[in-house]
A.B. asks: 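Please find one structure pasted underneath; my questions will follow.
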Number of protein chains: 2
Amino acid sequence: MPSRKKSPTIYDVAKLSGVSISTISRVLNAPDMVNSETHKHVMNAIDQLGFVPRAEARARALQSTARIGVLTPFFTAPSFVQRLRGVASTLSKANYELLIYPVDSMDHLQGYISSIPLMRNVDGLIIMSLSLESQDAERLSNNGMETVLIEYSHPQLNSILIDDEHGGRLVAEHLLGKGHKTFAFLGDIEPPERFSIHPVKSRLTGFKQVLHDAGYSLPKAYIRSCPYMQEESRQAALELLSLPKPPTAIFAASDMQALSVMKVARQLNVRIPQDLAVVGFDDIDVADHVDLTTIRQHLDESGRLAAEILLNRVADPSRPPQQINLPLTLIERQTT
Amino acid sequence: MPSRKKSPTIYDVAKLSGVSISTISRVLNAPDMVNSETHKHVMNAIDQLGFVPRAEARARALQSTARIGVLTPFFTAPSFVQRLRGVASTLSKANYELLIYPVDSMDHLQGYISSIPLMRNVDGLIIMSLSLESQDAERLSNNGMETVLIEYSHPQLNSILIDDEHGGRLVAEHLLGKGHKTFAFLGDIEPPERFSIHPVKSRLTGFKQVLHDAGYSLPKAYIRSCPYMQEESRQAALELLSLPKPPTAIFAASDMQALSVMKVARQLNVRIPQDLAVVGFDDIDVADHVDLTTIRQHLDESGRLAAEILLNRVADPSRPPQQINLPLTLIERQTT
DNA sequence: TGCTAAACTGAAAGTGCTTTCAAAAACGAA
DNA sequence: TTCGTTTTTGAAAGCACTTTCAGTTTAGCA
């Protein structure tokens, strides 16, 4: 029968070992301030009772939680997960806990933003690919909540950015180099871009610009805007490939969407790369598996970096906010 | 200039509104116990100060945290992430926070297991695909820490299982139906299976059994054990396809490994499915994208279910532990 | 042996909230 | 108006730790 006895507190240990609670606390938090005999005694009592300090209580007394929160949209998408992976590894090394706040809607985000900083249930916040109202950003900053933004920036907060336009340019140059003449673009550039910013427009801008400079155009019909979801991406890809004069190269604004393009191509018996070149963006794990040419944005690294910056700031809040720009590289594989 | 003033406490609100802290607390937690005039007053003060109760303090007084922890290995692998997605969606609906504990090693796991239940920093625990020492499981149970195990079971804890042998059988039957005669298996069946259990052996057992019953054998050389990592999987796939008499069908114990097989096949100009059939296991998101035939194990659903069971148990700890078995289905796509 | 400095320990205050208990206020009916 | 209810409210006791401060031991040395 599980003896649902409530777990022992520092008082129980104190009583058992015949010293005061402060000594117990010291044994745990500053072992060299206590006599080694006493130390041994106390440790015995601790072991005997199976005592472990209660986290919430400790956090309250300590005024710190050793916990970092991450706000992320589409907890579902591989690119976010890979970032998260970077964050997780750094945090776990530093013995911080990782709290995930999945954001499904603008309201959701608002709710989190307004309560988290004040609840003080985390020491710092990483906000991934979410656009932030200026006043919210200021609130975070004013409340002294250390924050790192990824793929978005605000003068008062740390941020990690990538040069999406440059990414678009890289793709165009690569495709041009391969001798392509008809291009298409597929990505989520719907006006509001909703709460989640996937800075797709900039990728398109860079792409278009280089194409334009080289004397090629990218007519409206060859730019398909569609949400990230699989269904929509496929539909868009299908329409692109059914054009009277189909493109010979498609730049998809994310690797997952590139996969959708590839799937449709397969169904249509369009050979890749012979009949159609496909380039993605992100370089998620599977990109390598399926030999997709793509723009590498060091997702893991960006997460790691974000966590490191945050931890530094938590340790020393006086540092000025940093704005970091991560380089982008084109990884050529078999789809171009 | 950010006025780094510490955020207001319940005492500040009390002072401003001229009532006692208990009244403030009541306004927040039991509004109908307080006069509507007072209520209005207090709310004004709260708004004016921008007061929000501090989470840790609340948790301490309330003896509950509204927070669920998830222990997961390979935070990296898509299959785990998809489970997590299910967990996250349920939790977020129920207003629970999600704490992730990435497990990289046996020590890591031990550390978590021994401190979490006693720290009481979560109300419940979901343990994914990790093997648990019997004494640890009992400790969790004895300490009254509500726990749901996924892909592992213990009589005193809730668990969600899948019938891996059956999955293996499904694959064999499917392949047999397609007329294949030479089979191979690729998966991580190294003896200790390390701390993370990916119950690959059972999949192999079921697979072998059906093959055997049908009069086919699966010689040692056609069973390649390799860790989950991409490099190793590719190497193994390469060796399999370089056998004097290469298999015409490969069953990979996970979708990601199946992708590795497909990649190698591509490099070797082995056509899929004409020259080689590939079947995976998991049905992760990308499986659909790359048209991989695989065994669907409802990853999202398993996560959702785990979270639901956990929440129920947290609400009513007297319920007996549940053991749930999730069905498996073969999803036929283009690789067979 | 006596003195001082160093090492150790305990009492108590602080952390920010919930909740119980009892007192005060308000209300109604007689 | 007065007494008995019912509704509101405040004081204070948790909750389980950390940490400061002051007091007590101990050790070292003359």
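In the text below, chain A, chain B and the rest are named by the order of the sequence lines, each starting its count at 1. Note that the structure is a prediction, hence the values are computed from the model and not measured. Heavy atoms only: backbone and side chains are in, while hydrogens, waters and symmetry mates are out.
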A.B. asks: Please determine if a side-chain N or O atom of B:Arg58 lies less than 4.0 Å away from the OP1 or OP2 oxygen of C:dC17.
C.D. replies: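 Answer is no, no contact under 4.0 Å.
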A.B. asks: What is the distance, to the nearest angstrom, from the CZ atom on B:Arg26 to the C1' atom on D:dA12?
C.D. replies: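 From B:Arg26 CZ to D:dA12 C1': 12 Å.
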A.B. asks: Round to a whole Å and report the spacing from CG of B:Asp12 to C1' of C:dG16.
C.D. replies: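 Whole-Å distance recorded here is 11 Å.
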A.B. asks: Starting at the 5' end of DNA chain C, which residue's closest nucleotide do you reach first, A:Ile21 or A:Asn35?
C.D. replies: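 Residue closer to the 5' terminus by nearest nucleotide: A:Asn35.
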A.B. asks: Rounded to whole angstroms, how far apart are CD on B:Glu56 and C1' on C:dT18?
C.D. replies: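 Answer to the nearest Å: 16 Å.
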A.B. asks: For the side chain of A:Ile10, counting heavy atoms from C-beta on, which of D:dT18, C:dC17, C:dT18 is nearest?
C.D. replies: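 Looking only at heavy atoms from C-beta outward on A:Ile10, the closest nucleotide is D:dT18.
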A.B. asks: Atom NE2 of residue position B:His41 - does it have more than 12 heavy atoms of other residues, nucleotides or ligands inside 6.0 Å?
C.D. replies: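 Open: at most 12 neighbouring heavy atoms sit under 6.0 Å from NE2 of B:His41.
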A.B. asks: Choose from C:dA12, D:dT9, D:dA12 the nucleotide whose nearest atom is closest to any side-chain atom of B:Ser22.
C.D. replies: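 Comparing C:dA12, D:dT9, D:dA12 against the side chain of B:Ser22, the answer is D:dA12.
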A.B. asks: Consider the side chain of A:Ser20, meaning its heavy atoms from C-beta on, and name the nucleotide among C:dC8, D:dA16, C:dA11 that approaches it most closely.
C.D. replies: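 Nearest to the side chain of A:Ser20 among the choices is C:dA11.
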A.B. asks: Within the distance-only criterion (no hydrogens, no angle test), does the side chain of A:Asp123 pair as donor or acceptor with the backbone N or O of A:Ala66 below 3.5 angstrom?
C.D. replies: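 Yes; judged by distance alone, with no hydrogens or angles, the pair exists.
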A.B. asks: Take B:Arg83 and B:Ser302 through the test side-chain hydrogen bond (donor to acceptor under 3.5 Å, both in side chains) and record every step on the way to the result.
C.D. replies: CA-CA 6 Å; B:Arg83 284 230 171 80; B:Ser302 70; 2.7 Å; yes
A.B. asks: Note down the inter-axis angle between the two ends of the helix from C:dT1-D:dA30 to C:dA30-D:dT1, five pairs each, to the nearest 10°.
C.D. replies: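 One end axis against the other gives 40°.
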A.B. asks: Just checking, is any N or O donor in the side chain of B:Asn121 or A:Glu97 under 3.5 Å from an acceptor N or O on the other one?
C.D. replies: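 The answer is yes; a qualifying pair exists.
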A.B. asks: Which nucleotide wins on minimum distance to the side chain of B:Pro53, given the candidates C:dG10, C:dC17, C:dT19?
C.D. replies: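 Nearest nucleotide to the side chain: C:dC17.
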A.B. asks: List the steps and the verdict of side chain to side chain contact (heavy atoms under 4.5 Å, CB included) for B:Ile24 and B:Ser17.
C.D. replies: CA-CA 9 Å; B:Ile24 313 296; B:Ser17 49; 3.7 Å; yes
A.B. asks: Would you kindly give the NZ-to-P distance between B:Lys15 and C:dG16, to the nearest whole Å?
C.D. replies: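 These atoms are roughly 12 Å apart.
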A.B. asks: Respond yes when some side-chain nitrogen or oxygen of B:Ser25 is under 4.0 Å from OP1 or OP2 of C:dT18, and no when none is.
C.D. replies: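 For C:dT18, OP1 or OP2 has a side-chain N or O of B:Ser25 closer than 4.0 Å.
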A.B. asks: A side-chain contact here means heavy atoms from C-beta on lying under 4.5 Å apart; do B:Gln110 and B:Asp136 qualify?
C.D. replies: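 B:Gln110 vs B:Asp136: side chains touch.
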A.B. asks: Check whether any side-chain nitrogen or oxygen of B:Thr38 sits under 4.0 Å from OP1 or OP2 of D:dT8, and answer yes or no.
C.D. replies: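 Result: no.
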A.B. asks: Tell me yes or no: between the side chains of B:Arg58 and B:Asn29, is some donor less than 3.5 Å from an acceptor?
C.D. replies: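 Looking only at side-chain atoms, B:Asn29 and B:Arg58 do form a donor-acceptor pair, the distance falling under 3.5 Å.
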A.B. asks: Starting from P on C:dT9, measure out to NE2 on A:His39 and report it in whole angstrom.
C.D. replies: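 Atom-to-atom, A:His39 to C:dT9, this comes out as 11 Å.
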A.B. asks: Nearest to the side chain of B:Val19 - D:dG10, D:dC17, C:dG10?
C.D. replies: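 Output: D:dG10.
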A.B. asks: Calculate the interatomic distance between A:Met33 atom CE and C:dG10 atom P; express it in whole Å.
C.D. replies: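 After rounding, the reported distance stands at 13 Å.
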A.B. asks: Rounded to the nearest angstrom, tell me the gap between atom NZ in A:Lys40 and atom C1' in C:dT9.
C.D. replies: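 About 19 Å, once rounded to whole Å.
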A.B. asks: On DNA chain D, compare the nucleotides closest to B:Ala57 and B:Ser36; which residue's is nearer the 5' end?
C.D. replies: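 Taking each residue's closest nucleotide, the earlier one in sequence belongs to B:Ser36.
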A.B. asks: Does C:dC8 have its OP1 or OP2 closer than 4.0 Å to a side-chain nitrogen or oxygen of A:Thr23?
C.D. replies: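 A:Thr23 to C:dC8 OP1/OP2: no side-chain N or O under 4.0 Å.
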A.B. asks: Measure the distance from CD1 on A:Ile24 to P on C:dT9 and round it to the nearest whole Å.
C.D. replies: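 In whole Å, C:dT9 P and A:Ile24 CD1 are 10 Å from each other.
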A.B. asks: Taking atom types as modelled, find out whether B:Gln82 and B:Asp300 have a side-chain donor-acceptor pair closer than 3.5 angstrom.
C.D. replies: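 Their side chains do contain a donor-acceptor pair, which is all the 3.5 Å distance test asks for.
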